[in-house]
Amino acid sequence: MEENKEMIKNTEEAVKVQNDPGAQAGRGAETVKSAEDAETAVRKEDEENGKKQKTMKYLLFFLMFFLSGIIAGAGTLFYGYGGADIICNTLMVMLGTGMVIFALAFSEVNGLFYYANQGKYGKFVLFYLTAMALSLVFPLLPISGWPFLVVFVILSLFSNSISGLVAGSVCLMLPVMLQNTGSCREFMLYFFSGLVGILVFSRLNQEFKVGLPVFISLVCLTVCLSANIILFERERLSISQFTFVAINIMVNFILLLITLKIFNGSVIHRYRDRYMDLNDPEFPLLVQLKEYDKAEYYRAIHTAYLGDRIAKKLGLNDVVVKACGYYHRIGIIKGENTWENVKEICEEYRVPEDTRKVLKEYLTRPDKVVAKETTVLLFADCIVTTILDAFKKDPKAELDYKQIIDSVFNKKMENGTLSESDISIAQMREMRKIFKAEQLYYDFLR
């Protein structure tokens with residue numbers, strides 16, 4: 001708050017606003033002849049990107065299906081099995097891989113992916129084929145030493161529960177078939193321990209508290225190993241019987257930590273450092289905006305502040321809303337604030353994809369916002385611009401902030417802007433309440 005006060009006190013020129021504050025978000029198609037032409041251009045761009053993604057997806061699925069069969073056939077041949085076993089194992093693994101592909105496609109259609117994995121199959125395919133290849137080594141080890149818990153967990157983290165469970169089961173099936181002494185007991189041992197691992201790691205959030213999930217999954221693995229292997233040993237119980245179990249637990253623990261660290265850096269907090277830079281008021285792009293137009297710079301500062309406050313209260317992605325508040329008008333440094341200009345700047349400064357999606361929707365579909373983050377950005381910008389416009393006309397004016405906020409909300413609800421928005425009525429009510437609670441802040445916009 002103090003930083004924002006200083007910024008406002010040091011403002012050197014009047015804030016420039018547009019005559020219609022309720023339409024501030026609708027400048028995405030300024031260089032296009034009409035709104036219909038703008039939507040058509042965006043639709044074509046989306047279709048082209050969709051075709052590229054589909055082509056890459058089909059290529060990855062084909063490689064996964066084809067290479068899994070080669071791995072299974074080569075592994076069976078390596079262990080000295082005959083032609084019938086090679087054909088059987090190859091077909092079973094390829095059938096299982098087909099089920100994995102179906103699970104991925106089913107999850108995509110029904111929106112069942114976690115952690116924004118939908119449409120991003122490169123890492124999953126890599127981990128699946130790697131796990132399949134490594135599973136050929138497991139028959140050389142004692143059954144109690146197979147580290148399959150981490151296989152199930154990592155495959156589910158980079159897809160979702162059902163896809164990870166199916167993929168892990170296929171990877172487990174191959175060494176069981178190649179192990180002379182393997183049986184359904186060993187399969188169910190790692191299947192159930194892997195299932196528990198998938199369940200406890202299925203809902204990690206930004207806080208990334210993994211201590212309890214790691215503990216539960218390792219305890220379950222210990223119980224399964226003890227119940228299915230140690231108790232069926234014909235020899236008397238001895239310390240040596242627990243050696244491989246202890247090693248297995250330790251190996252899985254270490255691999256889990258490594259996996260979770262990779263997952264945290266590449267998925268959960270993959271853009272954390274980038275957002276720390278982008279959301280810094282002294283970031284070069286913001287400095288450039290300030291030098292180009294100080295009024296727009298302070299407008300961005302105020303919008304980002306309010307958007308961040310609202311997003312945190314509503315449990316939305318606050319770093320995305322804050323970044324969008326800073327850069328929703330950044331296109332003007334290239335002449336006009338069109339999506340084409342903003343997109344070019346985003347690519348140059350490596351703006352994360354989730355922020356680009358909100359900015360794109362905000363600039364190309366201001367009359368029909370959908371995402372909650374876009375809705376918050378829309379209201380933050382409209383309210384800030386309305387107040388700044390009023391103070392521009394009369395710096396000493398005594399404004400009724402509650403009335404202004406109610407007017408903006410009522411207008412957006414009446415003109416159908418929120419008809420397709422994902423935001424709930426309860427969240428709208430809470431957002432209006434939070435805006436009204438910021439009255440002291442609005443006084444600093446004079």
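- Residue Met428 places its CE atom among more than 12 non-hydrogen atoms of other residues, nucleotides or ligands, all under 6.0 Å distant.
- Between Phe263 and Phe158, the ring planes are perpendicular. Angles over 60° get that label, and only those under 30° would be called parallel.
- Using a cut-off of 4.0 Å between Lys/Arg side-chain N and Asp/Glu carboxylate O, Lys411 and Glu414 are scored as not salt-bridged.
- With hydrogens and angles disregarded, a donor-acceptor distance shorter than 3.5 Å links the side chain of Asn410 to the backbone of Asp406.
- Classified by interplanar angle (parallel below 30°, tilted 30° to 60°, perpendicular above 60°), the ring pair Tyr442/Tyr401 is tilted.
- Within a 6.0 Å radius of NZ in Lys402, other residues, nucleotides and ligands contribute 12 heavy atoms or fewer.
- Of the options Lys357, Glu361, Lys360, His328, a side-chain hydrogen bond (donor to acceptor under 3.5 Å, both in side chains) to Thr374 is made by Glu361 and by none of the others.
- Within the 3.5 Å criterion, the main-chain N or O of Ser421 finds no donor-acceptor partner in the side chain of Lys372.
- Environment of CZ in Phe283: crowded, with over 12 heavy atoms of neighbouring residues, nucleotides or ligands closer than 6.0 Å.
- Other residues, nucleotides and ligands contribute only 12 or fewer heavy atoms inside 6.0 Å of the CD atom of Gln403.
- In this structure, the side chains of Leu172 and Trp146 come closer than 4.5 Å at one or more pairs of heavy atoms.
- Thr375 places a side-chain N or O within donor-acceptor distance of the main-chain N or O of Ala371, the cut-off being under 3.5 Å.
- Sparse packing is recorded around CZ of Phe106, with 12 or fewer heavy atoms of other residues, nucleotides or ligands lying under 6.0 Å away.
- Around atom CE of Met92, no more than 12 heavy atoms belonging to other residues, nucleotides or ligands sit under 6.0 Å away.
- Looking only at atom types and distance, the side chain of Thr97 has a donor-acceptor partner in the side chain of Tyr128 under 3.5 Å away.
- Around NZ of Lys433, the count of heavy atoms belonging to other residues, nucleotides or ligands within 6.0 Å does not exceed 12.
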